[in-house]
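Below is one structure, written out as structure tokens, with a few remarks after it.
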There are 2 protein chains.
Amino acid sequence: MASIKPSVPKGTRDFSPAEMAKRNYIFDTIKSVFRKYGYQQIETPSMENLSTLMGKYGDEGDKLIFKVLDSGEYFEKTKISKYINQLIDDIACQREFQNQIINNVQDHNLIFLWPNIKEASLKQSDIEQQLISLLRNSLNSKELSQQISEKALRYDLTVPFARYVVQHQNEITFPFKRFQVQPVWRADRPQRGRYREFYQCDADVVGSDSLLNEAEFVMIYDEALGKLGLKDFTIKINNRKILSGIAEIIDKSDNIIDLTVAIDKLDKIGLDGVIKELLEKGFTQNDIEKIKPVILLEGSNEIKLRSLRSALIQSDIGLKGCDEIETVLDYVASFGLQVANLELDITLARGLNYYTGAIFEVKTNEVAMGSIGGGGRYDDLTGMFGLKGLTGVGISFGADRIYDVMEELNLFPAAANQSTKVLICCFDKEGEKYALPLLKQLRSNNINTELYPAGAKIKKQMEYANNKQIGYTIVIGSDEMQSGLLTFKDMASGLQEKLATEQIIGKLI
Amino acid sequence: MASIKPSVPKGTRDFSPAEMAKRNYIFDTIKSVFRKYGYQQIETPSMENLSTLMGKYGDEGDKLIFKVLDSGEYFEKTKISKYINQLIDDIACQREFQNQIINNVQDHNLIFLWPNIKEASLKQSDIEQQLISLLRNSLNSKELSQQISEKALRYDLTVPFARYVVQHQNEITFPFKRFQVQPVWRADRPQRGRYREFYQCDADVVGSDSLLNEAEFVMIYDEALGKLGLKDFTIKINNRKILSGIAEIIDKSDNIIDLTVAIDKLDKIGLDGVIKELLEKGFTQNDIEKIKPVILLEGSNEIKLRSLRSALIQSDIGLKGCDEIETVLDYVASFGLQVANLELDITLARGLNYYTGAIFEVKTNEVAMGSIGGGGRYDDLTGMFGLKGLTGVGISFGADRIYDVMEELNLFPAAANQSTKVLICCFDKEGEKYALPLLKQLRSNNINTELYPAGAKIKKQMEYANNKQIGYTIVIGSDEMQSGLLTFKDMASGLQEKLATEQIIGKLI
């Protein structure tokens with residue numbers, strides 16, 4: 001055992017103090033903005049009943065759910081185990097018949113028993129065949145999982161939130177504005193930037209259809225990402241009803257998925273690519289002529305909206321979508337954005353099956369990176385748990401990507417390191433004794449302070465301060481103890497001066 | 001599905017906004033004290049390799065580890081699956097022989113084949129028996145688990161921390177002071193106060209044998225629990241070396257576990273009970289006479305230490321323990337405790353197999369409750385992962401119990417509710433429009449503010465404020481819009497007055 005270097009499961013990570021400090025900085029910033037807008041934190045258990053999760057993420061999603069093994073003698077209770085034991089008993093029976101047959105053949109005195117033995121043996125064979133066929137049907141992981149696992153690790157925060165709302169509906173005051181920052185687990189193949197355990201950071205409001213909520217989410221993105229130091233990012237907004245309208249005006253409402261999947265690729269494959277794909281999917285040249293102006297919308301959000309309205313004039317739902325977007329834009333305009341660009345983008349379709357109104361996505365323009373946030377309105381989130389007619393809208397921050405963006409742009413402030421502010425260094429036990437009241441005094445002033453235990457070389461103590469990114473050191477030698485003036489060093493600049501305790505406290509507070 | 005009320009797995013909990021706010025208050029307070037003493041946060045993955053966890057918690061612990069099912073076609077790869085398939089093939093073979101036998105009996109022309117068939121059949125029987133015996137040995141949950149699960153949920157924070165230190169030893173600057181606040185999972189039978197998912201809150205330092213660390217942990221308990229509002233609690237301290245010394249002076253070093261287990265019960269079963277148990281375990285009347293004065297130590301810590309020293313005069317290790325305790329007490333005295341009582345208690349033995357020096361336990365004297373914290377020094381934490389000779393000392397806060405104590409004593413400050421500070425209420429769309437700049441202005445002043453979307457009755461809006469424990473409301477009606485003086489209500493006192501925006505901001509900042 002001693003020789004095997006320990007490791008973590010693939011796709012999972014340790015977070016060192018330096019990484020944790022940066023992650024805390026991101027989460028604390030986002031949480032404070034959520035709170036400013038009236039969102040309150042909840043937490044749900046890491047494990048949910050398997051029945052709560054299964055069937056909510058499609059077949060592919062079901063496969064990626066980490067299932068937790070039942071505890072105790074779980075296998076002994078399974079059908080497979082029962083069948084196998086029956087089969088083993090059965091084989092013993094069959095062996096008994098076989099022996100009888102063998103004896104029968106050898107001992108012709110028993111020949112009169114032959115028909116009975118034969119019949120019994122064939123009957124036993126039938127039972128055996130039935131058992132084998134039952135076994136064969138059970139002999140696969142999917143079937144077995146249902147018998148040995150009744151809990152699983154949550155796959156996202158949305159389904160547990162829906163479960164929470166339904167379970168606690170009588171305690172909740174609606175509209176219910178909640179945020180949640182917890183890890184989720186997915187048995188995906190790990191790759192760069194894709195982990196099997198990662199934090200999601202969601203805010204949702206359920207029980208209010210006011211578009212003020214949509215506008216406030218735009219403001220939350222603006223404020224939180226702005227506070228984190230991002231200087232150029234775009235919040236894209238669309239509305240499912242506009243997409244429905246586009247499908248409606250070419251009379252292809254049933255093909256809305258094909259339509260939006262194709263349009264969604266405009267950025268990557270260009271207009272020609274989109275048209276090619278649409279033609280392949282059965283859209284006509286005539287359809288394409290009708291929707292081309294919609295796909296190629298340009299100009300300000302106001303101009304785009306005006307063009308959309310005239311293109312969608314025949315579609316009530318399309319116009320409704322335009323109204324909704326306009327209301328959100330008006331709210332946002334009355335608040336005023338600080339950093340973000342807000343852009344109506346009708347090619348945006350993420351999670352289409354799910355969203356019924358607004359759709360959001362956030363991208364930074366400073367670094368090449370996928371979306372760093374997204375969300376939208378869903379009219380029937382809690383329907384899956386039997387509570388109908390509760391509308392909701394929510395957004396998510398992609399914390400890992402935001403971390404990478406901030407790292408690349410060097411946006412983490414030095415103060416975010418959450419490390420010790422000052423290290424007291426001494427040469428010996430005498431110095432340590434001298435240092436104790438100082439240590440106490442600094443901490444009483446709420447200054448994060450450490451005293452390096454006596455006995456180590458000053459060089460080692462300085463290395464400790466450097467590695468831990470401690471801002472300042474105080475050295476206590478015999479001169480210092482005599483004069484009461486302590487050597488105070490700014491570790492960043494290297495400047496050092498002799499100061500009295502009060503002066504040091506003044507500098508550190 | 002619609003009719004089944006969704007629930008969480010037994011032993012797990014949802015945390016509502018009110019509970020989360022209180023839990024955050026506890027964790028934030030403890031974390032801030034950890035940081036003040038130079039401890040930095042890390043996080044480790046929820047899942048560890050099964051090999052990292054198994055065998056670290058004893059046989060009972062191993063059973064309580066939640067194992068995570070491998071993903072994909074995990075069962076098809078198991079030995080059980082292989083054996084079953086072979087057995088099924090084998091049964092088909094055997095059936096073939098049986099048919100031959102039956103035919104042979106019926107058709108006497110084939111009688112000359114009889115010996116071959118019989119021999120082959122018996123040989124096949126042997127194979128079958130071997131398969132069955134292999135199967136029987138695999139047909140249990142323990143055996144199967146090893147084949148279908150290679151990951152498990154962490155059981156505590158200590159073993160993952162040891163794994164972390166060994167894995168990252170080349171990046172870490174020692175002494176390494178880390179804290180960690182994360183959930184752990186145990187497949188224990190749930191009962192009042194015992195959960196299958198709960199947070200642990202640990203601080204440890206590895207790579208320093210200075211007793212300053214022990215003293216600082218006493219100070220951390222004092223400061224953190226004091227900040228949380230506890231007014232009467234006791235930090236008990238003992239030292240494994242003193243327990244070793246007591247066993248040594250009666251020449252029963254090999255029976256130290258029996259000895260300490262018995263002494264540990266002094267509180268519950270009294271001296272007579274302890275003596276009875278010791279006699280049952282093979283200690284002599286003479287042994288008991290020798291250690292009785294040690295068990296019954298009374299008086300101040302100084303007096304206890306003096307008595308101990310004279311009782312342990314023959315034991316080097318016992319005296320070493322006394323020296324260590326004295327050093328810790330001296331450090332603590334030089335800092336000065338604010339709230340806690342520090343009490344030398346030689347009956348304290350928790351986790352004896354583990355600890356090698358100091359042992360801590362914290363109890364509140366205000367409420368009947370088990371320990372709310374504990375810890376100690378262990379000389380070989382990382383040895384289990386092959387890194388020898390690294391000493392460590394650590395403590396833990398029992399967050400769930402601290403929560404219950406604070407709830408019972410009503411110690412959570414109102415400000416800890418983390419809710420919205422003020423709710424703006426309006427009657428209609430016109431009021432909402434009037435409210436938007438106000439909403440923006442309040443938030444710009446970092447005041448957590450909500451605007452209730454237009455359309456609801458004021459009564460409902462007030463209920464919302466009450467249920468969410470929002471401190472203040474602002475009502476905007478036609479009078480207010482005309483005069484610019486808004487109705488500002490303190491929800492706790494019920495007092496309301498008409499104020500200009502600037503005055504309201506002055507009251508809320």
Side-chain angles (χ1 to χ4, degrees), chain A residues 2 6 8-9 12 14-17 20 35-36 38 40-47 49 52 66-69 71 73-75 81 84 88 91 101-102 105 118 132 139 141 144 149 151 163-164 166-167 173 183 187 197 208 210 212 334-335 385-386 420 436 440 443 448 450 453 464 467-468, chain B residues 2 6 8-9 12 14-17 20 35-36 38 40-47 49 52 66-69 71 73-75 81 84 88 91 101-102 105 118 128 132 139 141 144 149 151 163-164 166-167 173 187 197 208 210 212 334-335 385-386 420 436 440 443 448 450 453 464 467-468:
Chain A
V8 296
T12 71
D14 286 323
F15 296 113
S16 70
M20 271 309 291
R35 289 206 175 93
K36 193 189 267 193
Q40 292 184 298
Q41 191 172 14
I42 70 162
E43 281 188 4
T44 60
S46 303
M47 293 188 280
N49 291 321
T52 299
F66 275 115
K67 291 160 195 81
V68 176
L69 209 48
S71 28
E73 308 287 278
Y74 64 88
F75 182 62
S81 171
I84 295 172
I88 290 174
I91 288 170
I101 293 171
I102 289 170
V105 170
K118 185 181 167 188
I132 287 173
L139 275 182
S141 301
L144 184 63
S149 164
K151 298 178 292 297
R163 193 265 311 143
Y164 177 96
V166 177
Q167 187 175 333
T173 310
E197 173 177 54
S208 165
S210 170
L212 176 61
S334 81
F335 291 128
F385 298 113
T420 302
L436 294 176
K440 185 188 174 185
R443 285 181 180 153
N448 295 355
E450 284 180 71
Y464 178 84
N467 289 341
K468 206 167 168 176
Chain B
V8 297
T12 70
D14 285 324
F15 295 113
S16 69
M20 271 310 291
R35 289 208 174 91
K36 193 189 266 194
Q40 291 184 296
Q41 190 172 15
I42 69 161
E43 281 189 3
T44 60
S46 303
M47 293 189 279
N49 290 322
T52 299
F66 275 115
K67 291 159 195 82
V68 176
L69 209 48
S71 26
E73 308 286 277
Y74 64 87
F75 183 62
S81 171
I84 296 172
I88 291 175
I91 288 170
I101 293 170
I102 290 170
V105 170
K118 183 180 168 189
E128 213 171 73
I132 287 174
L139 275 183
S141 301
L144 184 63
S149 164
K151 297 177 294 295
R163 193 266 309 143
Y164 177 96
V166 177
Q167 188 176 331
T173 309
E197 173 178 53
S208 165
S210 170
L212 177 60
S334 82
F335 290 129
F385 298 113
T420 301
L436 293 177
K440 186 189 173 181
R443 286 181 180 153
N448 295 356
E450 283 180 72
Y464 178 84
N467 289 341
K468 205 166 169 177

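So you know, we letter chains A, B, ... as the sequences are listed, proteins then strands, and number each from 1. Bear in mind that the values here come from a model prediction, so they are computed numbers and not experimental data.
- Although no hydrogens or angles enter the test, the distance criterion places a donor-acceptor pair under 3.5 Å between the side chain of B:S141 and the main chain of A:F75.
- Between the side chain of B:K67 and the backbone N or O of A:L69, no donor-acceptor pair lies under 3.5 Å.
- Put simply, of B:F66, B:F335, B:Y74, the one with the most heavy-atom pairs under 4.5 Å next to chain A is B:Y74.
- Heavy-atom pairs under 4.5 Å with chain B were tallied for A:V68, A:N467, A:L139; the largest tally goes to A:L139.
- With hydrogens and angles disregarded, no donor-acceptor distance shorter than 3.5 Å links the side chain of B:E197 to the backbone of A:M47.
- No side-chain heavy atom of A:S16 sits under 4.5 Å from any side-chain heavy atom of B:I42.
- Ranked by heavy-atom pairs under 4.5 Å with chain A, the first of B:V166, B:T420, B:I88 is B:I88.
- Considering only heavy-atom pairs separated by less than 4.5 Å from chain B, the leading option among A:P183, A:S46, A:A187 is A:S46.
- Listed options B:R35, B:R443, B:E450 were ranked by heavy-atom pairs under 4.5 angstrom with chain A; first place goes to B:R443.
- B:K468 places no side-chain N or O within donor-acceptor distance of the main-chain N or O of A:Q40, the cut-off being under 3.5 Å.
- Rounding to the nearest 0.5 angstrom, the gap separating the CD atom in B:E128 from the CD1 atom in A:I91 is 4.5 Å.
- Chain A forms the most heavy-atom pairs under 4.5 Å with one residue out of B:M20, B:K36, B:K151, and that residue is B:K36.
- By number of non-hydrogen pairs under 4.5 angstrom with chain A, the leading residue of B:T52, B:L212, B:I132, B:L436 is B:L436.
- Options B:T44, B:T12, B:N49 differ in how many heavy-atom pairs under 4.5 Å they form with chain A, and the most are formed by B:N49.
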